[in-house]
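A, B, ... follow the sequence lines: proteins, then strands. Residue 1 opens every chain.
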Amino acid sequence: MVKSVPSTKEAYELFHKGALALQRAEYTGMRVDMEYCKRKKEELTIRIAELEQKIYESNFGKKWSRSIGGKRPNLNSNPQLSRFLYSILKLKPVRFTESGQPATDEEALSELDIPELDMLLEMRKFRKIRDTYLDAFMREQVNGYIHPFFNLHLTKTFRSSSDSPNFQNIPKRDKEATKICREALFPRPGHQFVSMDYSAIEVKMAVCYVEDEKLCYDVLHGDMHKDMAIELYMLDDLDKRHSGEAVLRQGAKNGFVFPQFYGDYYGNCVLNLLKWARQAYLKDDTPALVHLKDKELITLDKSGNVKKFDKFLEHVRKVEDQFWNVRYKQYSRWKDKVWYEYQKKGYIEMKTGFRCYGLMSKKDITNYPFQGTAFHCLLWAFVEIDRVFREHKMDSRLVSQIHDEITADILPEECDNAIKLMVRIATEDIRENWKWINIPLTVEVEKAEVDKSWGERKFLNLP
DNA sequence: GGAACTCGCCAC
DNA sequence: AAACGTGGCGAGTTCC
């Protein structure tokens with residue numbers, strides 16, 4: 001049990017003021033288009049039923065039914081699905097869950113290459129949208145507005161959480177899910193949404209703690225994801241404007257750099273890297289997997305699938321070693337230092353004055369400070385923006401916060417001024433308040449048109 | 001009939 | 001030797 005407390009007056013005050021500012025955002029809330037939700041739910045229900053029907057009528061569905069004594073299979077029951085796939089059909093599970101059961105998640109099912117399972121996955125997606133998001137909006141709305149809670153007392157890291165409904169996990173990556181969910185939410189009539197998010201704030205916090213020259217340089221001037229893609233995939237160079245090579249950079253970023261910073265190891269990373277490589281190709285149209293074969297890192301079978309990758313595994317191990325012991329060696333020393341100090345004192349302390357006590361792993365110790373402190377920057381800006389909006393008697397309001405992002409419901413006449421204030425507070429004023437921020441903070445701003453939903457924000461180029 | 005659990009999946 | 005940080009929540013299942 002990790003027990004955490006604000007240990008300084010300043011830390012206490014941040015959360016005290018933060019709770020009040022967040023409460024005002026909760027009070028304002030977001031408008032829900034109830035008719036839209038109803039309509040979308042009906043559409044989804046039909047699409048789910050169609051998919052269900054197709055699966056029931058297929059040979060796959062009939063076999064499944066026979067295996068449970070002729071009953072209708074429950075397509076939402078993973079234990080039932082698992083018994084059918086892995087005990088009856090004797091398929092080989094690609095992965096096991098934490099508790100040792102064969103996995104039935106998206107990755108495992110799509111690997112089996114059965115059309116009915118792809119339908120089942122699509123059903124799952126539609127159900128998720130309908131039952132987790134649209135239902136929650138309709139259930140939680142009061143007079144047409146949802147008022148999500150933003151909690152400051154629940155996380156180990158001094159981040160926030162949200163519930164009723166959780167406003168911090170609304171789809172943003174899957175295009176269809178994003179559109180359906182976010183187009184249900186609107187600002188107050190005659191207003192427009194503006195949102196502002198910090199760029200790479202967690203790694204910038206790492207720079208503030210660690211004082212690693214190479215990391216600082218990379219964050220400000222370099223491109224570590226490109227560098228790592230070149231090393232990991234053994235490229236001569238990488239052009240991130242080229243769509244095929246951009247995928248390799250993404251692969252290095254999401255398959256190696258981020259997991260490494262969270263504490264993952266090369267054995268998992270190598271699998272991530274291969275997954276990304278499957279859909280990537282080089283400028284001369286060589287598929288990335290063929291390129292890796294040419295470099296003698298992997299071997300391929302006749303259909304072009306990866307057969308052996310032990311050389312690649314060894315290569316990624318070396319890159320990992322280089323990454324921590326050469327490239328970011330000061331970062332590694334910092335980790336050792338805080339680990340030692342935690343063992344001596346029994347707690348860790350953040351720059352913002354919050355302390356985490358209790359049993360923690362080395363990975364925890366070296367992640368919590370960045371995660372917590374990054375959020376504290378956001379919360380400080382949130383408090384200030386809220387204060388200034390009220391001080392200027394503006395009609396604009398803050399309405400939500402997602403760890404490194406703030407969303408505001410803005411009166412159009414106030415829009416330009418509001419954006420100026422928000423950006424200034426988040427990037428300049430904050431550095432006056434916290435002198436230990438030794439690296440420039442930058443934000444990206446998005447703005448929707450008046451009366452447009454949360455799904456229709458457009459990127460705004462700052463002057 | 002509800003509590004506690006697992007699994008899967010959404011966000012940062 | 002093992003190996004990914006922080007949350008919330010819905011559905012199904014099991015246990016009491």
Heavy atoms of A:Tyr198 and A:Ala426 approach each other most closely as OH-O, 2.7 Å
Between A:Met350 and A:Cys356 the two heavy atoms that sit nearest each other are CE-SG, 3.8 Å
Give a yes/no answer on whether the side chain of [X] brings an N or O atom under 4.0 Å of OP1 or OP2 in [N].
| X | N | answer |
| --- | --- | --- |
| A:Asn78 | C:dG12 | no |
| A:Lys172 | B:dC10 | no |
| A:Asn74 | C:dG12 | yes |
| A:Lys156 | C:dT6 | yes |

Mind checking [X] for me? I need base, sugar-phosphate or nothing, with any heavy atom below 4.0 Å counting as a touch.
| X | answer |
| --- | --- |
| A:Glu106 | sugar-phosphate |
| A:Asp264 | base |
| A:Arg139 | sugar-phosphate |
| A:Ser164 | sugar-phosphate |
| A:Asp135 | nothing |
| A:Glu202 | nothing |

Between CD of A:Glu98 and P of B:dG8 the distance, given in whole Å, is 12 Å
Rounded to whole Å, the CG-P distance (A:Leu154 to B:dA11) equals 21 Å
On a whole-Å scale, what distance lies between the P atoms belonging to C:dA3 and B:dC7?
16 Å
